[in-house]
Amino acid sequence: MKNILIVGMLILLIWFGATIVRLENQRYAASPAMCDQYKDASLHLRDACLDSKQTRTSWTYNLLYGLRAL
């Protein structure tokens, strides 16, 4: 039972880490207005544009910056 709990918590940590990386990448891409051409378009197009931008050199930087903001 204890092992199942540990594995479940590790899966949650990985999932939350991936979410932090994605959201920090979107936040950093939105700050210098990288996807301003979709400002008046649908939210789906703007989110797709923000997801496609690579703002930092590694996902670890996004994770560290995202955790720093907490």
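A quick note: this is a predicted structure, and the numbers were derived from the prediction, not measured.
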So CG of Leu50 and CG of Leu23: to nearest 0.5 Å the spacing works out to 11.0 Å
Thr55 and Met34, any side-chain heavy atoms less than 4.5 Å apart = yes
Is any side-chain heavy atom of Gln26 closer than 4.5 Å to a side-chain heavy atom of Lys53?
-> no
Inspect the surroundings of CG in Leu10 and state if more than 12 heavy atoms from other residues, nucleotides or ligands are less than 6.0 Å away.
-> yes
What distance separates Leu64 CG from Arg56 CZ, expressed to the nearest 0.5 Å?
-> 9.5 Å
Candidate pair Leu67 and Ile20, rule side chain to side chain contact (heavy atoms under 4.5 Å, CB included), full reasoning | CA-CA 8 Å; Leu67 290 174; Ile20 289 171; 3.8 Å; yes
Atom CZ in Arg22, atom CH2 in Trp59: separation rounded to 0.5 Å?
-> 15.5 Å
CA sep, side-chain torsions, deciding dist, call: Glu24, Leu63, side chain to side chain contact (heavy atoms under 4.5 Å, CB included) = CA-CA 7 Å; Glu24 176 58 25; Leu63 181 63; over 6 Å; no
Note: Cys49 and Ser52 closest approach over all heavy atoms is O-OG, 2.7 Å
If you measure from OH on Tyr65 to CZ on Arg27, what distance do you get to the nearest 0.5 Å?
-> 9.5 Å
